[in-house]
Amino acid sequence: MKLVIAIVHERDKHKVSDALLQAGHKFTIVASTGGFLRDGNVTFLAGTKDEDVDSVIEIVRKWCSSREQYVTQPMPDAIAPAGAVLNPIKVGVGGAIIFVVDVEKYERV
């Protein structure tokens with residue numbers, strides 16, 4: 001048995017969860033926050049048989065898209081003076097981070 005942990009951008013949450021349910025996978029969703037942009041994320045926890053791991057990963061891969069977003073870069077250790085124009089920078093967001101972990105013991109109570 002494996003535990004698939006997939007960290008997904010919140011915009012992709014419904015597409016991924018609908019596809020996982022349709023394929024018959026069971027999972028739990030935990031709200032989480034990304035570190036860099038402090039953007040909303042969702043962490044999927046899916047306990048699955050070894051042979052179903054690739055199916056879960058493929059669903060996440062299919063429905064999580066990477067995209068670019070512009071953010072305003074704050075001035076380091078300072079508050080921008082009135083009228084200051086901060087240049088937006090382009091950063092990549094979205095996609096998914098996936099971990100697969102061996103499960104030593106599983107019980108459903």
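Source: prediction; values computed, not measured. Side chains included, hydrogens not; waters and symmetry mates left out as well; all remaining heavy atoms used.
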Using side chain to side chain donor-acceptor pair (under 3.5 Å) as the criterion, list what pairs up with K13, not counting sequence neighbours.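 Not a single residue meets the side chain to side chain donor-acceptor pair (under 3.5 Å) criterion with K13.
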Can you list the residues that meet the side chain to side chain donor-acceptor pair (under 3.5 Å) rule with S55, with sequence neighbours excluded?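 S55 satisfies side chain to side chain donor-acceptor pair (under 3.5 Å) with H25 once adjacent residues are dropped.
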When rounded to the nearest 0.5 angstrom, what is the spacing between OG in S32 and CD in E10? 9.0 Å
How many angstroms lie between atom CG of L3 and atom CZ of F99, to the nearest 0.5 angstrom?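 Here the rounded value is 11.0 Å.
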Sequence neighbours excluded, every pair satisfying salt bridge (Lys or Arg N to Asp or Glu O under 4.0 Å) that has a member inside residues 45-60: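 Qualifying pairs: E58-R61.
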Excluding I59, membership of its hydrophobic cluster (Ile, Leu, Val, Met, Phe, Trp, Tyr; side-chain heavy atoms within less than 4.5 Å) reads V4, V8, V16, L20, L21, F27, I29, V42, F44, V53, V56, I57, V60, W63, I98, V100
Within 6.0 angstrom of L45 CG, more than 12 heavy atoms from elsewhere: yes
